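Side chains are part of it too, since the values below use all heavy atoms of this structure and drop only hydrogens, waters and symmetry mates. Reminder, nothing fancy here: chain letters follow the sequence lines and each chain counts from 1. Source: prediction; values computed, not measured.
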Number of protein chains: 2
Amino acid sequence: MSATEPVADNGVNVEALLEARAALTDAPEAADFVWRATTEWVRGTHTETTIDEYSGLGENHTHKSTFSYTADHPEVFASEDHGPTPVEFVLVGLATCLTAGVAAVAQNRNIQLNSVKASIEGDMNVLGILGGDPEVRNGFNDIRVHFDIDADASASDIEALVAQSQKRSAVFDVVTNPSNVSVSVN
Amino acid sequence: MSATEPVADNGVNVEALLEARAALTDAPEAADFVWRATTEWVRGTHTETTIDEYSGLGENHTHKSTFSYTADHPEVFASEDHGPTPVEFVLVGLATCLTAGVAAVAQNRNIQLNSVKASIEGDMNVLGILGGDPEVRNGFNDIRVHFDIDADASASDIEALVAQSQKRSAVFDVVTNPSNVSVSVN
């Protein structure tokens, strides 16, 4: 970029990420991360989940804080609504992943963001989870994410930010493609 | 069941759920739910997400409380670790969905649960999201859930609880099968 171009500051340290990419390409085993959570049943559909540790770069790490999450089912499912449903936590993951990605891509493209808001909706027919109709899937039939973005860029550049964020999003991949899950019990 | 059998109390109102299933089978449009969340970008990869409303049974509903979630990236990604990563929220969704399902199935099978703990791990090679290796996917390569369950039941009956919970879990379906996601921008 020329010296006269403004330098965007979205708070993402792109230089460090590009250095990390180069370093991990040379030491690919360090790129293997393991993310963890522990869920304790309370009563009914009410659970408490804790997140504190993860692994990566060849060692264990502890988050700066221990994060705790309450999940439940709402009163329309004859539960007590102590927290959101599990599927709403998936929407949190998808919307936050795409939004963080927009910020990272904008920084890399020297586009100043002024505000970003993502509104996410997931359609689900609950006859699936209730076992009422074998033709109905348990999960989402359709998910829609709508971004409102104010940035110092053209509409087409903003669209390109969102497209690139999808391309590199971990949770977008998890939701749109199958992942292997193995479940064991003591 | 005979009058002499113990009656399990796991806090799940199975009668109400079976009634709901029957009612919704007769009025399937009421089974269409929409779950929602709204994410606001703060700075860098730090976002704040709010959950309060959802739709179902032909009308809009408000959760008993507004739920707010902070997400971020950790310091090893040159971020500030204000909250868990988006992918960890997906693990919260999966572990809590399967755990609530164990409770519901146990209630339906008259099995008293004493304690349930789910430990979940997701493997991810971050060269995917960093764009460092086109052969590496962005999402999880493998997810493992391990249950420790203390219940008044045989080991095989406990294994069957976990298997049935997987079969009816919304988030297990979302993670193991593809879902359609459309993304728009103003």
Side-chain angles (χ1 to χ4, degrees), chain A residues 11-13 16 21 25 31 33 35-37 39 41 43-45 47 49 51 64 67 69 71 78 81 84 86-93 95-97 99-100 116 118 120-122 124-127 130 132 138-140 143 145-148 162 170-171 173-175 179 181 183-186, chain B residues 11-13 16 21 25 31 33 35-37 39 41 43-45 47 49 51 64 67 69 71 78 81 84 86-93 95-97 99-100 116 118 120-122 124-127 130 132 138-140 143 145-148 162 170-171 173-175 179 181 183-186:
Chain A
V12 179
N13 188 340
R21 179 168 79 184
T25 303
F33 274 64
W35 304 104
R36 298 185 174 89
T39 297
W41 175 64
R43 181 173 165 77
T45 53
T47 56
T49 300
I51 292 175
K64 273 166 64 178
F67 305 116
Y69 301 99
D81 202 20
V87 294
E88 288 165 291
F89 280 102
V90 176
L91 298 183
V92 173
T96 60
C97 198
T99 303
V116 183
I120 187 167
E121 295 189 326
M124 177 176 294
N125 185 311
V126 298
L127 281 173
L130 288 170
N138 298 325
F140 292 115
I143 298 171
V145 184
H146 181 74
F147 275 101
D148 290 294
V162 173
V171 179
D173 177 18
V174 170
V175 173
S179 299
V181 180
V183 182
S184 60
V185 57
N186 67 333
Chain B
V12 179
N13 188 339
R21 179 168 78 184
T25 303
F33 275 63
W35 305 103
R36 297 185 175 89
T39 297
W41 175 64
R43 179 172 167 78
T45 53
T47 56
T49 300
I51 293 176
K64 273 166 62 178
F67 305 115
Y69 300 100
D81 203 20
V87 294
E88 289 166 291
F89 280 102
V90 175
L91 298 183
V92 173
T96 60
C97 197
T99 303
V116 183
I120 187 166
E121 294 188 329
M124 176 175 295
N125 186 311
V126 298
L127 281 173
L130 288 170
N138 297 326
F140 293 115
I143 298 171
V145 184
H146 181 73
F147 275 103
D148 289 294
V162 172
V171 180
D173 178 16
V174 170
V175 174
S179 300
V181 179
V183 182
S184 60
V185 57
N186 65 333

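Using a 4.5 Å cut-off between heavy atoms, B/Phe67 touches chain A through its side chain atoms alone. Heavy-atom distances place both the backbone and the side chain of A/Ala37 under 4.5 Å from chain B. Both the backbone and the side chain of B/Ile120 have a heavy atom closer than 4.5 Å to some heavy atom of chain A. Contact annotation for A/Val162: only side-chain heavy atoms (C-beta onward) come within less than 4.5 Å of a heavy atom of chain B. When heavy atoms are compared at a cutoff of 4.5 Å, B/Thr49 approaches chain A solely by way of its side chain, counted from C-beta outward. For a residue to count as touching a neighbouring chain, one of its non-hydrogen atoms must lie under 4.5 Å from one of that chain's; by this rule A/Thr47 touches chain B with the side chain only. Contacts between A/Phe33 and chain B at a heavy-atom distance below 4.5 Å involve backbone atoms as well as side-chain atoms.
With respect to chain B, the highest number of heavy-atom pairs below 4.5 Å among A/Thr39, A/Thr45, A/Val12 belongs to A/Thr39. Residue with the most contacts toward chain B among A/Thr25, A/Val87, A/Asn186: A/Asn186 (heavy-atom pairs, distance under 4.5 Å). Interface check for chain B: of the options A/Val171, A/Ile51, A/Val90, A/Leu130, the most heavy-atom pairs under 4.5 Å are formed by A/Leu130. Across A/Ala100, A/Gly11, A/Pro86, the residue that shares the most heavy-atom pairs under 4.5 angstrom with chain B is A/Pro86.
Taking the six-membered ring for Trp and thresholds of 30 and 60 degrees, A/Tyr69 and B/Tyr69 have ring planes inclined between 30 and 60 degrees apart.
With sequence neighbours excluded, no residue satisfies salt bridge (Lys or Arg N to Asp or Glu O under 4.0 Å) with B/Arg21. Residues satisfying the side chain to side chain donor-acceptor pair (under 3.5 Å) test with B/Asp173, not counting sequence neighbours, are A/Arg137, B/Asn177.
To the nearest 0.5 angstrom, B/Trp41 atom CH2 is 12.5 Å from A/Phe147 atom CZ. Note that the CG atom of A/Leu91 and the CH2 atom of B/Trp35 stand 10.0 Å from one another [nearest 0.5 Å].
Remark: the backbone N or O of A/Ala78 is not paired with any side-chain donor or acceptor of B/Asn13 at under 3.5 angstrom.
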